[in-house]
Novice: 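The structure's right below; bear with me while I get my questions together.
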Amino acid sequence: MAGAIHLGFRAHCAGLTSDSPNSLSFLGNSWNRTDFERCLRFTCRRREGYRGGRALKVSCERGPATVGKNEMSRDISEGNEEQLSIVMKFGGSSVASAERMREVAELILSFPEERPVVVLSAMGKTTNKLLLAGEKAVCCGVSKASDIDEFGLIKELHLRTLRELGLDISIIDGLLDDLEQLLKEIAMMKELTLRTRDHLVSFGERMSTRIFAAYLNKIGAKARQYDAFDIGFITTDDFTNAEILEATYPAVAKRLHGDWIDDPAIPIVTGFLGKGWKSSSVTTLGRGGSDLTATTIGKALGLREIQVWKDVDGVLTCDPNICPNATPVPYLTFDEAAELAYFGAQVLHPQSMRPARETDIPVRVKNSYNPSAPGTLITKARDMTGAILTSIVLKSNITMLDIVSTRMLGQYGFLAKVFSIFDELDISVDCVATSEVSISLTLDPSKLWSRELIQQELDHVMEELEKIAVVNLLQHRSIISLIGNVQHSSLILEKAFSVFRKNNINVQMISQGASKVNISLVVHDSEARKCVRALHSAFFENGFLSEVEADLLVNGSAMHT
Ligand SMILES: Nc1ncnc2c1ncn2[C@@H]1O[C@H](COP(=O)(O)OP(=O)(O)O)[C@@H](O)[C@H]1O
Ligand SMILES: N[C@@H](CC(=O)OP(=O)(O)O)C(=O)O
């Protein structure tokens, strides 16, 4: 392949050293903006079995001629015991107080054989409070901005945490001043743009990581704090829902590995945050985005395992807020976990499985409140012999469209026309069921996860579709996703429909994706939670699945009727 070269790992890491849109340095060469865009498309493939130490095959559109020889000279030898080994990500609930931070520190240090990169979210519900403070600032007037309740609560929590951990206030007082100033500016401008929102919520992770790193240092575990936007997390400029760009991987690897080799200290990295490649402003990866930060670091450094520590015993058979009897799922594939996250399970960020899947790095979901629980292990493949249904997921407040062609049967190109309308309007679709002349589909407003599909946009969609079809708009619908082994779809559906019938629930659409791990059913919002509870009870709470699974293991087929 033209332009394919073998580089030492270090040379690969030396990739991107500046993200200014007009000039940057890549592998020692200056690039203009067009070259930069090309650079973003460069591919870097891990060789089989690669774990951070071997040579990488890098193909880059500018070809080998641009690579300085001296940059190939440094390599990290394979099997170097001193390399960073795992990512440990702790969510807001895991670091909600001084006591929790102490426990998390203890937990990290209880694995002395590991050299973790630690990713942290904001403390407790800080992100929600920051957003609320921002919204209040818009209409409270500059003189009242400092008195916003949520700002007071955030300040109080972080200062109390510092006090209880025996740390100096100077660690975050500059940030608290900046936060207060930002709230005043929002009050002055009387508006909260998406860009300002991201800047505002970034204070949560910036404070939690500084406090935690200072605490580790205080107890003698050398740690170094990093803001993700300063170490190469380069994203699109889609504020509140930015996508990570490929250039992130070499940049992050270079910085974290480089610092570790020069002066080992546990890296404590802000989750959730990035830097827009055009704007150079702080961006966020969508709510719950620290999971994605963790898997991105895992991929960048080729680490052995990615651990995400939550407040539940792993991924459960259902949202415990809906089904308190939900139990942990011991094993999942990346495909199952991705589907589960995409279709609404809050426990994992919808995009977080991608970097792990691309590099085949196992993800372990664990409970920081109950570290001895085995948690959930997510890998590329698992033994599906006895697997039927893994988990039930609910996504509510969905919009559904029934679209019936005004042309006659046999008219080709109908589907293409309908989807070109969605494409033009930049709206993606979740579930689809089609016949030759009609389509039912659910809309995903989450290209921008932060906003709901607003009425104006819906009107526009309807207007365009009505040029070729009769359209029925159905709002307040829910998607119930049955994640499992679709090889047994008849069995799953038979059981599910007996539950629907017993509960007098009308299913309005069914869709079975090509992923073979998900059957989606659409019902009305008002019936959805009851329906999920009934399904969970039927599948998981009365021995049904264990009986069928036993049949499968003994007879090779499900005899159960
Ligand atoms: N299928 C599921 N399995 C586990 N937790 C779930 C599931 N669906 C929803 N949840 C909710 O997700 C929460 C954990 O996710 P999240 O709050 O993002 O954790 P963290 O902030 O610790 O990263 C749990 O407390 C639980 O209420
Ligand atoms: N603090 C951000 C990012 C995040 O990932 O949080 P958590 O890990 O607590 O879900 C949020 O609340 O969205």
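Start at 1 and go down the list; that is how both ligands and their atoms are numbered.
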Novice: Are C318 and ligand 1 in contact, using a heavy-atom cut-off of under 4.0 Å?
Specialist: yes
Novice: Can you tell me if N325 and R533 form a side-chain donor-acceptor pair at under 3.5 Å?
Specialist: no
Novice: Closer than 4.0 Å to some heavy atom of K89 - which atoms of ligand 2 meet that?
Specialist: 8 (O)
Novice: Among the heavy atoms of S94, does any lie under 4.0 Å from an atom of ligand 1?
Specialist: no
Novice: Determine whether the side chains of Q225 and D227 contain a donor N or O and an acceptor N or O closer than 3.5 Å.
Specialist: yes
Novice: Heavy-atom distances under 4.0 Å are what count here, so tell me which part of N321 touches ligand 1: side chain, backbone, both or neither.
Specialist: side chain
Novice: Using a 4.0 Å cutoff against the non-hydrogen atoms of F272, which atoms of ligand 2 qualify?
Specialist: 2 (C), 3 (C)
Novice: Give the atoms of ligand 2, by number and element, whose distance to some non-hydrogen atom of G288 is under 4.0 Å.
Specialist: 3 (C), 4 (C), 5 (O), 10 (O), 11 (C), 13 (O)
Novice: Examine D291 against ligand 1 and note whether any of their N/O atoms are separated by less than 3.5 Å.
Specialist: no
Novice: Using a 4.0 Å heavy-atom threshold (strictly under), name the region of V312 that reaches ligand 1: side chain, backbone, both or neither.
Specialist: side chain
Novice: Using a 4.5 Å cut-off on heavy atoms from C-beta on, say whether the side chain of H158 contacts that of L175.
Specialist: no
Novice: Output the list of atoms in ligand 2 that are nearer than 4.0 Å to some heavy atom of G91, sorted by atom number.
Specialist: 8 (O), 9 (O)
Novice: Parallel under 30°, tilted from 30 to 60°, perpendicular over 60°: which one fits the rings of F500 and F497?
Specialist: perpendicular
Novice: In terms of residue, atom name and distance, what is the protein heavy atom nearest to atom 7 (C) of ligand 1?
Specialist: D319 CA, 3.8 Å
Novice: Which ligand 2 atoms are under 4.0 Å away from a heavy-atom of R287?
Specialist: 11 (C), 12 (O), 13 (O)
Novice: Are the side chains of L165 and I211 in contact, using a 4.5 Å heavy-atom criterion?
Specialist: yes
Novice: Using 30° and 60° as the class limits, which term best fits the ring planes of F90 and W309: parallel, tilted or perpendicular?
Specialist: parallel
Novice: Hey, does K310 come in under 3.5 Å of ligand 1, counting only N/O atoms on both sides?
Specialist: yes
Novice: Is there a polar contact, in the sense of an N or O pair closer than 3.5 Å, between D291 and ligand 2?
Specialist: no
Novice: Contact between S290 and ligand 1, counting heavy atoms under 4.0 Å?
Specialist: no
Novice: Please check whether P320 reaches ligand 1 - meaning an N/O of the residue sits under 3.5 Å from an N/O of the ligand, judged on distance alone.
Specialist: no
Novice: Any nitrogen or oxygen of G286, main chain or side chain, under 3.5 Å from a nitrogen or oxygen of ligand 2?
Specialist: no
